[in-house]
Amino acid sequence: MNRSARALSVRAMLVACAILLGWVERMLPPFLPMIPGAKLGLANLATLTTLALMDAPSALLVCVARTLLGAFMFGSASALPYALSGGVAAWAVMALSRRMFNLPGISLLGGVAHNITQIAVASLMFANAGLWGYAPYLIAVGSVSGFLLGWAANHITRRLPSGLISLNNKSK
Amino acid sequence: MKRSARDIILLISMLAIAAGWYALSRDTSANAVGAIVWIDGFRSARLSLEQADEFTFERGGDINVVRIENGTARIVSANCPGGDCTRQRAISRAGELIVCVPHKLMITLESVPAFDTVAR
C-alpha cells in the first residue's frame, strides 16, 4: 500500500478510536461530580498512543480532529473552547516531555496542563480569577488520571501488533 | 535515574504541589455570610446566607435556581446541558465556589457582612 495512504488511514483509525473512547466516557457517570472539569480523559489514550508510536504532528492532528468531530457529533458548542485549548496545551507539554519521562509521566503532565489551561480559559470567559480555587483539585485529579492513563497506554502500545501503528511501512 | 522512577517522583511532586496549594488557599475557611452570584463576569446579586430562600436567575433562556439553607448555597436546578452545577456540593465557607460553565454563572462566598447590614 502507498505509504502516505497508509499513514493517513492509521491516523484516521486513531481519530475514530479517540471519538469512541470519548463517547464511552460520556456514558459513564461523572466521577467526582463535585469538581467541575474533573474527568478521566479516556480519549487521550489515542493521542498518547499516536505520540508514542508515530510522531508529534500526528498526535496533534488526532487530538484536534477528535476534539472537533466529537464536539460536532455529541458535544456542546460551549465546551469546545475548553476542550480545544486544553487538548492543544496537553499535546504541547506531552510532546516536549517525551524524552524525559515514560508514558505515565508524559500523560500526567498532559493531564495537568489540560486542566490548568481549562481554568485559565474559564477565568477569562468568566472574567473572574476566583476559579483558580479549583486548581489544587484539578492538579491532583489530572495527575492521578493522567498517570493511570499513561500506564494503560504503556500496555496498549506494548500489546499492539508491532508495525500496526507506525509512520513507515514495516508491516505488509 | 531510571525513567520509571522519575515518573513516580513526578506524580508525588505534583500531588505535593496540589496539597500545598490547597493548604495555602485554605486560610479563607471562615464561615461565609453572603453569596455573590456572577453572571458573565458581572456581579448580579448578593444573597444573604442567613435566611433560607430560593432564587431563580434567568438570562437569555439560561435558568439556574439557587437555594439558600442552613448557611449554605447550592444550585438545585438548571437547564444547562450537563446539569453539572446541580451536582456540586453546597458551599458554606468563604473562598468556596460553584460554577455553571455553559451559563457562565458562578457563585462565590464572602465572610464580610453586606454594607446595609453593617449600617443597620
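Chain identifiers are assigned alphabetically (A, B, ...) following the order of the sequence lines, protein sequences preceding nucleic acid strands; residue numbering begins at 1 within each chain.
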Q: To the nearest 0.5 Å, tell me how far B/L11 CG sits from A/L108 CG.
A: 5.5 Å
Q: Can you tell if the side chain of B/L10 reaches within under 4.5 Å of the side chain of A/F147, non-hydrogen atoms only?
A: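 The answer is no, as the side chains (C-beta and beyond) never meet within the 4.5 Å cut-off.
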Q: Between CG of B/D7 and CD1 of A/I106, what distance do you get to the nearest 0.5 Å?
A: 7.5 Å
Q: Going by residue number, which parts of residues 100-109 of chain B are within reach of chain A, meaning a heavy-atom gap below 4.5 Å?
A: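 Only B/C100, B/V101, B/P102, B/K104, B/L105, B/M106 of residues 100-109 of chain B have a heavy atom under 4.5 Å from chain A.
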Q: Does A/L69 share a hydrophobic cluster with A/L80, counting links as ILVMFWY side-chain heavy atoms below 4.5 Å and allowing steps through other members?
A: no
Q: Is the closest side-chain heavy-atom distance between A/N102 and B/R6 below 4.5 Å?
A: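 No, side chains not in contact.
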Q: For A/R158, I'd like to know if atom CZ has over 12 heavy atoms of other residues, nucleotides or ligands within 6.0 Å.
A: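 Enclosed.
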Q: Sub-3.5 Å donor-acceptor pair from the side chain of A/N128 to the main-chain atoms of B/G41, do we have one?
A: no
Q: Answer yes or no: does atom CZ of B/R89 have more than 12 heavy-atom neighbours from other residues, nucleotides or ligands under 6.0 Å?
A: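 Not buried by this count: 12 neighbours or fewer within 6.0 Å.
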Q: For A/W132 and B/W21, take the angle between the two ring planes, folded into 0 to 90°, and tell me which bin it lands in: parallel under 30, tilted 30 to 60, perpendicular over 60.
A: parallel
Q: In this structure, would A/L160 and A/M13 fall into the same cluster of hydrophobic residues linked by side-chain contacts under 4.5 Å?
A: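 Same cluster.
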Q: Taking side chain as everything from C-beta outward and backbone as N, CA, C, O, which of these in A/L32 sits under 4.5 Å from a heavy atom of chain B? Side chain, backbone, both or neither.
A: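 No part of A/L32 comes within 4.5 Å of chain B.
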Q: Just give me the residue among A/G105, A/S143, A/P136, A/A79 that pairs up with chain B most often, heavy atom to heavy atom, under 4.5 Å.
A: A/P136
Q: Indicate, with yes or no, if B/F57 and B/I98 share a hydrophobic cluster defined by side-chain heavy-atom contacts under 4.5 Å among Ile, Leu, Val, Met, Phe, Trp and Tyr.
A: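 Yes, because B/I98 and B/F57 connect within a single hydrophobic cluster, where side-chain heavy atoms sit under 4.5 Å apart.
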Q: Determine whether A/L45 and A/L53 fall in the same hydrophobic cluster, where Ile, Leu, Val, Met, Phe, Trp and Tyr are linked whenever their side-chain heavy atoms lie under 4.5 Å apart.
A: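 Yes, A/L45 connects to A/L53 through the hydrophobic network.
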Q: With a 4.5 Å cut-off on side-chain heavy atoms, are B/L97 and A/Y134 touching?
A: yes
Q: Do A/V144 and B/L15 pass the side chain to side chain contact (heavy atoms under 4.5 Å, CB included) test, and can you show the C-alpha distance, the side-chain angles, and the key distance before you say yes or no?
A: CA-CA 8 Å; A/V144 174; B/L15 291 176; 4.0 Å; yes
Q: Go through the steps for B/M14 and A/L109 under the test side chain to side chain contact (heavy atoms under 4.5 Å, CB included), then give the verdict.
A: CA-CA 9 Å; B/M14 271 303 165; A/L109 288 171; 3.9 Å; yes
Q: If Ile, Leu, Val, Met, Phe, Trp and Tyr residues are connected whenever their side-chain heavy atoms lie under 4.5 Å apart, and connections chain through other members, are B/I63 and B/V37 in the same group?
A: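 No; tracing contacts between hydrophobic side chains, which count when under 4.5 Å, never links both residues.
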Q: Of all of A/A135, A/G142, A/A122, A/G133, which one pairs up most often with chain B through heavy atoms under 4.5 Å apart?
A: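 Most pairs with chain B among the choices: A/A135.
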Q: Once you round to the nearest 0.5 Å, how far does CG of A/L103 lie from OG of B/S4?
A: 12.5 Å
